[in-house]
2 protein chains.
Amino acid sequence: MVTLAEVAQHAGVSASTVSYVLSGKRSISATTRQRVERSIRELGYHPNAGARALASSRSNIIALMVPLRTDIYVPVMMEIAIAVATTARTHGYDVLLLTGEEGPDAVRRVAGSGLADGMILMDVELDDERLPLLRESAQPAVLIGLPADTGGLTCVDLDFRATGALCVEHLAGLGHRDVAVIGEAPAVYERHTGFAERTLDGLRSRARETGVRLLHRPCEGGYDATAATVSRILDERPDTTGFVVQNEAAVEPLLALLRQQGRAVPEDVSVVAVCPEQVAVQASVRLTSVSLPAQEMGRHAVEQLVAKLDGRGDAEVVLLPPALTVRASSGPAPVR
Amino acid sequence: MVTLAEVAQHAGVSASTVSYVLSGKRSISATTRQRVERSIRELGYHPNAGARALASSRSNIIALMVPLRTDIYVPVMMEIAIAVATTARTHGYDVLLLTGEEGPDAVRRVAGSGLADGMILMDVELDDERLPLLRESAQPAVLIGLPADTGGLTCVDLDFRATGALCVEHLAGLGHRDVAVIGEAPAVYERHTGFAERTLDGLRSRARETGVRLLHRPCEGGYDATAATVSRILDERPDTTGFVVQNEAAVEPLLALLRQQGRAVPEDVSVVAVCPEQVAVQASVRLTSVSLPAQEMGRHAVEQLVAKLDGRGDAEVVLLPPALTVRASSGPAPVR
DNA sequence: CCAGACAATCGAAGCGCTTCGACTCGCCGG
DNA sequence: CCGGCGAGTCGAAGCGCTTCGATTGTCTGG
């Protein structure tokens, strides 16, 4: 293991000079810099992370807390995680992967040990138990998702209210009067995950404004559960011609069921999904959808956090504007 | 930020004593231990990770390299990653998330900087460019997946040869004589990802032994590509009554197509999938499948690595035995 | 009753890096 | 010709922890 001191000796300079070459915090003559850089290369020197962290009290690590549940929004989570990791690297940070399992303790551990310089929390609930800790520990953090009280916190999320509104608007614009929402699993609402409720808010308020009749039903996802939900919806509102789906696991089952019942998409029934682009494109019908900009969220979160760590205080809440892409699953409401 | 020294002072002992209480590397009297532990609690002490790493040259961090591609086996990857993270925690390790993006450089960086004590590589290719580095740097590592040359490396993987064999065996046992394999995307085979080729090996050799006629076709996944692949297969071998699918993105399309063509599953056609359990259960037909034991692989990988780090040298290659679960998609071959 | 063994504790020497103050030049303006 | 300045470099003092003797008692067996 090559050390700074060895590089210094090899280059014929002092250790501090090498350090300044590395950090650029003081001016170094061109010749010295080159000599040092050459030694670094020749010896294959890599600064020791621990020593660096100790001396500078900066670990150059960002902690990312992902939810433990592997049953839900997996691709989205993964995409965010990967976006976080790659974006972090471009800013010179590495990413520490924490699972939700440890819960609040993880916050304590990371903040206390100086393992990471800051953290990004995913899957934030409206009344998340990690938040008080975050506030009191003054740990630089960015949330992906929106809690009930955002005071003093930096958050990044898709604007789900606007997303909901956009879906209804699209269907209303096509003449649909009865729209059903196939929502997330009941557990998601019970946990008060913010995005689900905000979407619903947006759906409802725009429905009110446009005179659309809205029916919302949570749905577990999977074929059987979706079948039950859909048949219940069609019993209650036989005139339903528009569906909004916010549950990846219900998308394909829904399409299969509609086909099976002889309802053509989009001639008889229109479907709008809130899902990652990939899902919308790969479905059996190319879906009109509002995409979940997972990558962008991950990237934004890191950039907000890095800004904080650099002392550039920044915006508190960033809501990414939703974009609806019209594909093959929505069209004018059938004339009756 | 509370330090060891402050805890020592508060407890009226020396710093080294506190350290030994924490590490348990020397015997400490019960009374002293309790006093120290009390001080730790009262002061809310957390050891500083950097200092610890520097002094002990152990970071207690495991690096996990996940593939950058977000288009393939995402749920499996995620499940493995989460299993790695949680298992690592139970052994006192944290997990650093590296994306494939950096490629071999990441290995150099991590090995050189002492950022992590060891690493786990996912999505290993037959002739992976990270392997030479791994060998020369003597970095403790575990691969998930099997390269061509496993010499000096520790690997964990599902036994894909046996998996392939098992699938054929199951179908052969049910009387199927013509079996088609819908494989991974061509790119996967071109990259020489080991598991795809090994599965194929297993399929073929058992087909030979059981006298089954086997047709293998790579498939991109998605509806259109799968449709093309299936119709080609049925043109070439109209008597095909058994399908083996090893591409999650082709599973649902395949089932839809079969339905559409009026081929009943499992009465007319049997389908066996190689996929995560969740996919098999949530499909429109509950699939007979060999599951990808993602969690188990993650857990095993960590345990192998921890063993290495503890100086307990261990087995070189661990192949997890496949298990086929019979569900609703396979049955006796139709009588002609 | 003493040598030797053992348990419990302390002190000090680092681990490899960053950073601050100080020092040495060469150069400029007065 | 001298004081002062900035660029470039060095030395040394830590950062908070682990770990290796060394030290002090306390027991034990002979």
Side-chain angles (χ1 to χ4, degrees), chain A residues 1-37 39-40 43-61 92 94 109-117 309, chain B residues 1-37 39-40 43-61 92 94 109-117 309:
Chain A
M1 169 121 299
V2 191
T3 71
L4 227 216
E6 295 175 87
V7 173
Q9 193 176 7
H10 185 271
V13 297
S14 76
S16 50
T17 300
V18 177
S19 177
Y20 286 123
V21 168
L22 252 32
S23 69
K25 292 193 178 169
R26 282 199 186 174
S27 51
I28 297 286
S29 70
T31 55
T32 305
R33 159 172 297 112
Q34 282 160 15
R35 208 139 36 85
V36 170
E37 282 167 352
S39 299
I40 289 179
L43 301 180
Y45 168 73
H46 281 273
N48 180 86
R52 199 165 238 197
L54 177 55
S56 64
S57 37
R58 292 296 236 94
S59 62
N60 283 295
I61 289 181
D94 271 300
R109 199 164 58 83
V110 169
S113 66
L115 234 184
D117 296 332
L309 294 176
Chain B
M1 170 119 300
V2 190
T3 71
L4 226 217
E6 295 176 86
V7 173
Q9 193 177 6
H10 185 271
V13 298
S14 77
S16 50
T17 301
V18 177
S19 177
Y20 286 124
V21 168
L22 252 32
S23 69
K25 293 192 178 171
R26 283 200 184 174
S27 52
I28 296 287
S29 70
T31 56
T32 305
R33 160 172 296 114
Q34 282 160 14
R35 209 139 35 88
V36 170
E37 282 167 352
S39 297
I40 289 179
L43 300 181
Y45 168 73
H46 282 272
N48 180 88
R52 199 165 238 196
L54 177 56
S56 64
S57 40
R58 291 297 236 93
S59 63
N60 282 293
I61 289 181
D94 271 299
R109 199 164 58 82
V110 168
S113 67
L115 235 185
D117 297 332
L309 294 176

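To find a chain, count down the sequence lines: A is the first, B the second, and so on, and within it residues start at 1.
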When every nucleotide of nucleotides 20-28 of chain D is labelled 5' to 3' by its protein contacts under 4.0 Å (heavy atoms), B for base, S for sugar-phosphate only, - for none, what sequence of letters results?
BBB------
Residue whose closest nucleotide on DNA chain D lies nearer the 5' end, B/S23 versus A/T17
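Result of the comparison: A/T17.
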A/A53 versus B/G50, closest heavy-atom pair with distance
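Closest approach of A/A53 to B/G50: CB-CA, 4.1 Å.
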What's the shortest heavy-atom distance between B/S59 and B/G114, and which atoms?
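Closest approach of B/S59 to B/G114: CB-O, 3.7 Å.
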Using residues 16-23 of chain B as the side-chain source, report each donor-acceptor pair under 3.5 Å to any protein atom, sequence neighbours left out, with the distance given to one decimal.
{"residue": "B/S16", "atom": "OG", "partner": "B/S14", "partner atom": "OG", "Å": "3.0"}
{"residue": "B/T17", "atom": "OG1", "partner": "B/S14", "partner atom": "OG", "Å": "3.1"}
{"residue": "B/S23", "atom": "OG", "partner": "B/S19", "partner atom": "O", "Å": "3.3"}
{"residue": "B/S23", "atom": "OG", "partner": "B/K25", "partner atom": "N", "Å": "3.3"}

Whole-Å distance between [N] [atom2] and [X] [atom1]?
X      : N      : atom1 : atom2 : answer
B/L115 : C/dG16 : CG    : P     : 16 Å
B/N60  : D/dT18 : CG    : C1'   : 13 Å
A/R35  : D/dC10 : CZ    : P     : 8 Å
A/M1   : C/dC15 : CE    : P     : 14 Å

Taking only heavy atoms on the protein side, list every residue of residues 3-11 of chain B lying under 4.0 Å from any atom of DNA chain D, sorted numerically.
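Those residues are B/T3, B/L4.
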Sorted by number, the residues of residues 50-59 of chain A with heavy-atom contact under 4.0 Å to DNA chain D:
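Within residues 50-59 of chain A, the residues near DNA chain D are A/L54, A/A55.
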Give B/T32 one of three labels, base, sugar-phosphate or nothing, depending on what nucleic acid heavy atoms sit under 4.0 Å from its own.
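If one applies the 4.0 Å heavy-atom cut-off, B/T32 turns out to touch the sugar-phosphate alone, with no base involved.
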NA contact type, B/S29, heavy-atom cut-off 4.0 Å: base, sugar-phosphate, or nothing?
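If one applies the 4.0 Å heavy-atom cut-off, B/S29 turns out to touch the sugar-phosphate alone, with no base involved.
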For D/dT18 and B/S19 - does any side-chain N or O of the residue sit under 4.0 Å from the phosphate oxygens OP1/OP2?
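Yes, within the criterion.
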Do the side-chain N or O atoms of A/K25 get closer than 4.0 angstrom to the phosphate oxygens (OP1, OP2) of C/dT18?
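No, outside the criterion.
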If the condition is side-chain contact (heavy atoms from CB on, under 4.5 Å), which residues does [X] pass it with, not counting sequence neighbours?
X     : result
A/H46 : B/R108
B/E6  : B/V2, B/T3
B/A11 : B/V13, B/V36, B/S39
B/L54 : A/N48, A/A51, A/L54

Rounded (10°) bend between the five-pair end axes of the helix from C/dC1-D/dG30 to C/dG30-D/dC1:
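Its terminal axes enclose an angle near 40°.
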The criterion is side chain to side chain donor-acceptor pair (under 3.5 Å); which residues satisfy it with A/T31, sequence neighbours excluded?
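For A/T31, the residues satisfying side chain to side chain donor-acceptor pair (under 3.5 Å) (neighbours in sequence not counted) are A/S29.
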Which residues share a salt bridge (charged side-chain N to carboxylate O under 4.0 Å, His left out) with B/R35, sequence neighbours left out:
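Expected list: none.
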In chain order, what residues pass the salt bridge (charged side-chain N to carboxylate O under 4.0 Å, His left out) check against B/R58, with sequence neighbours excluded?
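Listed in chain order: B/D117.
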